[in-house]
A.B. asks: 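Below is one structure. I have some questions about it.
Computed from a predicted structure; not experimentally measured. Here is how names work: the chains are called A, B, and so on, in the same order as the sequence lines, proteins then strands, and each is numbered from 1.
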Number of protein chains: 2
Amino acid sequence: MTDSKRPTLMDVAQAAGVSRALVSIVMRDAAGASAATRERVLEAAAKLGYRPDSRARMLRSGRTRLLGVSFSTSHAFHAEIVDAAYAAAGLRGYELALSAVASGRSEERAAEALLDWGCEALILISSTLGNETLAAYARRVPVVSLLREDVGETVDSVSSDDRAGIRIAVEHLAGLGHRRIVHVDGGTAVSADRRRTAFREEMTRLGLEPVVVPGGATEEEGILAGGLLGASTPTAVIAFNDRVALGILESLRNGGKSVPSDMSVLGYDNSHFARLSYVQLSSVSQDGPVLAAEAVNRAIDRAEGTATPSRMVGTPHLVGRRTTAAPGAAVAT
Amino acid sequence: MTDSKRPTLMDVAQAAGVSRALVSIVMRDAAGASAATRERVLEAAAKLGYRPDSRARMLRSGRTRLLGVSFSTSHAFHAEIVDAAYAAAGLRGYELALSAVASGRSEERAAEALLDWGCEALILISSTLGNETLAAYARRVPVVSLLREDVGETVDSVSSDDRAGIRIAVEHLAGLGHRRIVHVDGGTAVSADRRRTAFREEMTRLGLEPVVVPGGATEEEGILAGGLLGASTPTAVIAFNDRVALGILESLRNGGKSVPSDMSVLGYDNSHFARLSYVQLSSVSQDGPVLAAEAVNRAIDRAEGTATPSRMVGTPHLVGRRTTAAPGAAVAT
DNA sequence: TATGTCTACTAGAACGATCTATACGAACTT
DNA sequence: AAGTTCGTATAGATCGTTCTAGTAGACATA
């Protein structure tokens, strides 16, 4: 049913009565063809429905103008990042090759597929690969780690300053008058350690007692953590991320507490659902899309040989919504 | 910093003291090499860190063993489908090439990228392309439309029976004793029309009055719809999807109604968050992952020429959780 | 001894593009 | 009139594989 073979340069050349090389020139829109023939060739190409075979093109030219991005199907916010990456890559004339880490598919597998495809650089989103593995990839092509730091000398990293994020969070709540602030941590999640210690340090810096409650990365764990909150009678919680915050909100709601009058809840990530009208979760934003664009630009700069490995750390900012207020404040309507 | 050129067949051949062709035979693990040389070649390849260049391989062999999948970064459930598709493709020795439709990136753009890459078949998830466009693609390679029907003669489709899904939903609620059931529809979303008319027909079949309230595809629209519910004093709602159901739940909660005693709420999609402990949303499941596997197998069968275009319609099933019960039932604990 | 059939291997032509080198006029110098 | 330059066009090599056709040697058969 399908046309057994797609048209090639040769077919177009014959149709237009010129050589293959000239058609190539026209298709790449390089110098060396007159306006008249250019038009004739384009016309023939359009009539045949010709599209250059990118594999052949890549093979010969060496340049693929392809950026490999590995992401996870289980992290919703990766989608937002991929979205932004497409935009940034498009601006510089690059295409993205996506490879997902999925159920039966490891990050190594995903990355190696990208390598086999001839990507000129790799962008790994919240990678969990060991530094030796990363270095091995970096020996082949430039590698940019997005939202994961401490990645070795040879690998670029674009991440968000977790310490600053936590500082902003603590200062926001302390500024509202809170004294008993609890951190529900991220358990074994990627940047959980960093945020936990940052929390301890910031709190002690302000002369407050840092209470940490074990949490995780999902709503379920937020609910569990919500139940453990009472012990220290806090007036505010900083959650590891928005999903955990959502669980905490639910747990408080079930316990008959109202937010923010009985308890302020602050999320992290400023994810899509934090913005929903009925959630209105105050949250620390890492500006994922901005970081994604930055990562893409690094990757391209490295691929084009105009840069050496570097690390960039973005500063998060606070997005205040309805779940944080002065302790005991009247319920927002 | 990066090795300027990766090793090729030639390099391995020289290192092992054999011809390129023989190395090729070993790498593909085809017949025609002795066990001894086979081992010698593999050793040399490993030492050099050789990986076959998939572009060159594809170019020459014609076969890419590549399935193109287009998905949207803005639909969370596409991730689940991609996940399942990877597994199914892996079983048959195929790789997936992903191309996202994102902010500045149309579905045409995404699909054409996949075509340029030499995919042997295309799987389009909830495509919004016109049938002429689909047919044009189908002239090049087999195309399978996933979760979108009415797609023309030349295109395969794997979808879910919306009519059956709605029937199951209506029967579930009617079986529990509900008489006044409302459907909050999907507005302009893909299968909204189908579900709406199915609802009307099923309700009248049971001698019940079919009340439809305008909705949409997101939580926000669910909240709005929730406010419009009171007019007809229903005891149960069938939402267009889980996100809308979540909005309805929220709206009911704000109005002081309790679920399911005052109102039963039924979602559609059985999405990830419907399963969360604090949501426990009853929902009609389309078995997305199962359909995905089916789509992959169709695509491969078509690509290998062992099948002609066909349409398959999966039957959804009901997943009962905590948000549906007999009218006036005691609140579940 | 001649013939055939294996197995293990190789040379060289593809695949569809790009790139380098070169040819051919026409126009412009000198 | 001969030499130079320029714009346009082409032949043929090349990228890293796979594939076809064929060779060389071992061994068995007639």
A.B. asks: To the nearest Å, give me how far apart CG (A:Leu22) and C1' (C:dA23) are.
C.D. replies: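 In whole Å, C:dA23 C1' lies 15 Å from A:Leu22 CG.
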A.B. asks: Answer yes if the side chains of B:Asp83 and A:Thr73 hold a donor-acceptor pair under 3.5 Å, and no otherwise.
C.D. replies: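 Note: B:Asp83 and A:Thr73 side chains meet the donor-acceptor criterion.
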A.B. asks: How would you label the contact of A:Thr8 with the nucleic acid (heavy atoms, under 4.0 Å): base, sugar-phosphate, or nothing?
C.D. replies: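 Result for A:Thr8 = sugar-phosphate.
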A.B. asks: What nucleic acid atoms does B:Thr37 come within less than 4.0 Å of, heavy atoms only: base, sugar-phosphate, or nothing?
C.D. replies: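 The residue B:Thr37 makes sugar-phosphate contact but no base contact.
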A.B. asks: Please check if atom CD in A:Glu304 has more than 12 non-hydrogen atoms from other residues, nucleotides or ligands closer than 6.0 Å.
C.D. replies: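 Count over threshold, so yes.
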A.B. asks: When we call it a touch if two heavy atoms are under 4.0 Å apart, what does B:Ala21 touch: a base, just sugar-phosphate, or nothing?
C.D. replies: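 The residue B:Ala21 makes base contact.
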A.B. asks: Whole angstrom is fine here: how far is it from CZ in B:Arg63 over to P in D:dC19?
C.D. replies: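 Atom CZ in B:Arg63 sits about 10 Å away from atom P in D:dC19.
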A.B. asks: Could you state the atom-to-atom distance from CE of A:Met10 to P of D:dA11 in whole Å?
C.D. replies: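 From A:Met10 CE to D:dA11 P: 9 Å.
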A.B. asks: Give a yes/no answer on whether the side chain of B:Ser24 brings an N or O atom under 4.0 Å of OP1 or OP2 in D:dT18.
C.D. replies: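 Yes.
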A.B. asks: Nearest nucleotide by nearest heavy atom, which residue falls closer to the 5' end of DNA chain C, A:Pro7 or B:Ser19?
C.D. replies: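 Between the two, 5'-proximity favours B:Ser19.
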A.B. asks: Less than 4.0 angstrom between a side-chain N/O of B:Arg28 and OP1 or OP2 of D:dT18, yes or no?
C.D. replies: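 The answer is yes; a side-chain N or O of B:Arg28 sits under 4.0 Å from OP1 or OP2.
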A.B. asks: Show your reasoning for whether side-chain hydrogen bond (donor to acceptor under 3.5 Å, both in side chains) applies to A:Arg55 and B:Ser54.
C.D. replies: CA-CA 9 Å; A:Arg55 297 161 299 165; B:Ser54 64; over 6 Å; no
A.B. asks: Between B:Ser34 and B:Ser61, which residue's closest nucleotide on DNA chain C lies nearer the 5′ terminus?
C.D. replies: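 Closest to the 5' end, via its nearest nucleotide, is B:Ser34.
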A.B. asks: Of the candidate nucleotides D:dG16, D:dT10, D:dT18, which contains the atom at the shortest distance from the side chain of A:Val18?
C.D. replies: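 Out of D:dG16, D:dT10, D:dT18, the nucleotide with an atom closest to A:Val18's side chain is D:dT10.
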A.B. asks: A:Asp11 has an atom CG; how far is it from atom C1' of C:dC15, in whole Å?
C.D. replies: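 Value for this atom pair: 13 Å.
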A.B. asks: Of the candidate nucleotides C:dA17, C:dG16, D:dT17, which contains the atom at the shortest distance from the side chain of A:Arg20?
C.D. replies: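 My answer, after comparing the listed nucleotides, is C:dA17.
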A.B. asks: Strictly by modelled atom types, are A:Arg311 and A:Ser145 linked by a side-chain donor-acceptor pair under 3.5 Å?
C.D. replies: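 A:Ser145 and A:Arg311 do not have a side-chain donor-acceptor pair below 3.5 Å.
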A.B. asks: Tell me: CD1 of B:Ile25 to P of D:dT18, nearest whole Å?
C.D. replies: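 Going from B:Ile25 (CD1) to D:dT18 (P), I get 10 Å.
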A.B. asks: If you check the B:Leu9 side chain, which of C:dC19, D:dT18, C:dT10 turns out closest?
C.D. replies: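 In terms of side-chain proximity for B:Leu9, the closest of C:dC19, D:dT18, C:dT10 is D:dT18.
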A.B. asks: Whole Å only: how far is the CG atom of B:Leu59 from the C1' atom of D:dT18?
C.D. replies: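 Atom-to-atom, B:Leu59 to D:dT18, this comes out as 10 Å.
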A.B. asks: Strictly by modelled atom types, are B:Ser157 and B:Ser159 linked by a side-chain donor-acceptor pair under 3.5 Å?
C.D. replies: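 No donor-acceptor contact under 3.5 Å links the two side chains.
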A.B. asks: D:dT17 P sits how many Å from A:Asp116 CG, rounded?
C.D. replies: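 Roughly 10 Å, once rounded to whole Å.
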A.B. asks: Round to a whole Å and report the spacing from CE of B:Met58 to C1' of C:dA14.
C.D. replies: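 Computing the B:Met58:CE to C:dA14:C1' distance gives 18 Å.
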A.B. asks: Considering only heavy atoms and no angle criterion, is a donor-acceptor pair shorter than 3.5 Å present between the side chain of A:Arg60 and the base of D:dT14?
C.D. replies: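 Per atom types, the contact qualifies.
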